[in-house]
*Asks:* 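Quick one: structure below, then a few questions.
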Amino acid sequence: MLVLGIETSCDETAVALMSFSSAGIPTILTEEISSQAALHELYGGVVPELASREHLKNLPLLVEKVLGDSNVTLSELAGVAVTRGPGLQGCLLMGLCYAKGLAVSVGVPLVGVNHIEGHLLGPKLDNPELSFPYLGLVVSGGHTELHLVEGVGRYRVLARTTDDAAGEAFDKSANLLGLGYPGGAKLASLADTVSSSPFSLPKVMREAEGFSFSGLKTAVALLVRRNEGALCDPEKKAQIAYSVQDAIVDVLCYKLGRAIEAMGIRRVVVTGGVSANRCLRGRVSEIANVDVYFPTFSHSMDNAAMIAYVGGLRLGAGEGMPLDADVLSRWPVETMPPCEV
Ligand code: KG4
Ligand code: ZN
């Protein structure tokens, strides 16, 4: 079974072609990602209207490339999987409308995929030995949530951010340090050049139920203001970056550790753009007696392989989406129906 996956929920246009064996084993045949980071950097953040237009431009090119590189024609597809939500409405619409047109023209079923379900299950592609149940921490630019994952469509939310996402905290702090957008990876690289910092930031909402990162950017702004000139001193700047990274990683690991003990589940998945962070990977891996799984670095970020995978599982179980279905810019993953695979 060949499934085409399409992802356009934010500022990456991604397309992947996946084959499922008769036993349901997935293989990625080809995948392509077109990042719009350079375009949005000019504005210091994602401009939804520009992102939507880029998706419209990129989609036909990427689909043609992905099919061509695998020598597969549209008529060989068994279905089309597309991100239906959550995400930026205009961006989701571009992907959904394009996918609908494709599915209708080829005469194959269409399935709408929850982006967070993609992040939660996608790491199985890179870690085939990963089995249920596990704790899934999704840390990205738009989401920070911790789930108990008991099966496909069986998610229990344990914690979620009440304001900014972890990636947003990285990006906003990076912006305050003059590192440009998206600054998460740049801030991390700078932080990794030092091994300690004299600058202290508050331990963000350690004991609260959910995550909260909006106070951190205020604390970083104050720190920068109080230490005038620090940004012109490469070492001090790196030390501030170190403190920011430490504060974010600390709270993520603390809450993950608490959930591991409370739930008695010693299998953990960390996924989403921030899971590319080496400090986070290192510290989560240090939690005692826990098996930790990460996606590959490229699958940490938004990608279409995770969408093709979840779509393929649900298509294989007979699910589909009516052609008049709309995008769902808010779509809590715990509302997804269970799926027997
Ligand atoms: O999952 P993703 O590609 O897109 C969303 O669904 O948001 O995540 C992007 C986020 C951005 O905030 C970016 O700054 C952050 O992931 N990010 C990082 C690193 N690489 C990407 N944050 C910290 N350290 C990194 N190495
Ligand atoms: Zn994402």
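Order of appearance sets the numbers: ligands from 1, and atoms from 1 within every ligand. Nothing here was measured: the structure is a model prediction, and the numbers come from that model.
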*Asks:* Go through the side-chain N and O atoms of S9 and T83 and say whether any donor and acceptor fall under 3.5 Å apart.
*Replies:*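 No - no donor-acceptor pair under 3.5 Å links their side chains.
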*Asks:* Please check if the number of heavy atoms outside K186 that lie under 6.0 Å from its NZ is greater than 12.
*Replies:*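 Result for NZ/K186: enclosed.
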*Asks:* Can you find a pair of side-chain heavy atoms, one from L223 and one from L176, that are under 4.5 Å apart?
*Replies:*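 They are not in contact (no side-chain heavy atoms under 4.5 Å apart), so the answer is no.
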*Asks:* Quick one: which of N303, D171, D302 has a heavy atom closest to atom 12 (O) of ligand 1?
*Replies:*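 Considering heavy atoms of N303, D171, D302, the nearest to atom 12 (O) of ligand 1 sits in D171.
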*Asks:* Could you report the tightest heavy-atom contact between T271 and H119, atom names first, then the distance?
*Replies:*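 T271 and H119 have their closest heavy atoms at OG1-O, 2.9 Å.
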*Asks:* What part of R278 sits under 4.0 Å from ligand 1 if we count only heavy atoms: the side chain, the backbone, both or neither?
*Replies:*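 No part of R278 is near ligand 1 at this cut-off.
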*Asks:* Quick one, P86 and I116 - any side-chain contact, counting heavy atoms below 4.5 Å?
*Replies:*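 When only atoms from C-beta onward are counted, I116 and P86 do touch, with a gap below 4.5 Å.
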*Asks:* Find all atoms of ligand 1 within a distance of less than 4.0 Å from any non-hydrogen atom belonging to A188, and give their numbers and elements.
*Replies:*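 Matching atoms, with element in brackets: 24 (N).
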*Asks:* Looking at side-chain heavy atoms only, is the closest gap between T335 and N114 below 4.5 Å?
*Replies:*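 No; the side chains remain at least 4.5 Å from each other.
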*Asks:* Which is closest to atom 20 (N) of ligand 1 by heavy-atom distance: G184, C279, G273, G118?
*Replies:*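 Among G184, C279, G273, G118, the closest heavy atom to atom 20 (N) of ligand 1 belongs to G273.
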*Asks:* Would you check if L158 and M263 make a side-chain contact, meaning some heavy-atom pair closer than 4.5 Å?
*Replies:*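 L158 reaches M263 side chain to side chain.
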*Asks:* Please report whether ligand 1 has a polar contact with P182, defined as an N or O pair separated by less than 3.5 Å (distance criterion only).
*Replies:*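 In fact, backbone or side chain, P182 has no N or O that close.
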*Asks:* Side chain, backbone, both or neither: which part of H143 comes within less than 4.0 Å of ligand 1 when only heavy atoms are counted?
*Replies:*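 No part of H143 comes within reach of ligand 1.
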*Asks:* Kindly give the atom name of the N, O or S atom of D302 closest to the Zn ion (ligand 2).
*Replies:*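 Checking each N, O and S atom of D302, the shortest distance to the Zn ion (ligand 2) belongs to OD1.
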*Asks:* Taking distance alone, with N or O pairs closer than 3.5 Å, would you say G183 contacts ligand 1?
*Replies:*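 There is no such contact.
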*Asks:* Just wondering, are more than 12 heavy atoms of other shown residues or ligands nearer than 6.0 Å to CD in E228?
*Replies:*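 Result for CD/E228: open.
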*Asks:* Quick check on contacts: which atoms of ligand 1 are under 4.0 angstrom from a heavy atom of H119?
*Replies:*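 Here the atoms of ligand 1 in question are 1 (O).
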*Asks:* The Zn ion (ligand 2) to H143: any N/O/S contact under 2.8 Å?
*Replies:*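 Not a single backbone or side-chain N, O or S atom of H143 is under 2.8 Å from the Zn ion (ligand 2).
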*Asks:* Does the side chain of V46 reach to within under 4.5 Å of the side chain of Y181, using non-hydrogen atoms?
*Replies:*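 A side-chain contact under 4.5 Å exists here.
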*Asks:* Below 4.0 angstrom from a heavy atom of G167, which ligand 1 atoms are there? Numbered from 1 as shown, please.
*Replies:*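 Contacts of ligand 1 toward G167, numbered from 1: 12 (O).
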*Asks:* Does C10 have a non-hydrogen atom less than 4.0 Å from ligand 1?
*Replies:*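 The answer is no: ligand 1 sits nowhere under 4.0 Å from a heavy atom of C10.
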*Asks:* State, with a plain yes or no, whether a side-chain heavy atom of M94 is found less than 4.5 Å away from one of E54.
*Replies:*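 The answer is no, as the side chains (C-beta and beyond) never meet within the 4.5 Å cut-off.
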*Asks:* So is Q245 in contact with ligand 1, going by heavy-atom distances below 4.0 Å?
*Replies:*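 No, that is not the case, since the closest heavy atom of the residue is not under 4.0 Å from the ligand.
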*Asks:* Short list, please: which atoms of ligand 1 are under 4.0 Å from a heavy atom of H115?
*Replies:*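 Near H115, the atoms of ligand 1 are 6 (O).
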*Asks:* Any N or O of G141 that comes nearer than 3.5 Å to an N or O of ligand 1?
*Replies:*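 N/O-N/O distance below 3.5 Å exists for this pair.
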*Asks:* Hey, is the Zn ion (ligand 2) within less than 2.8 Å of some N/O/S atom on H115?
*Replies:*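 Checking H115: at least one N, O or S atom is under 2.8 Å.
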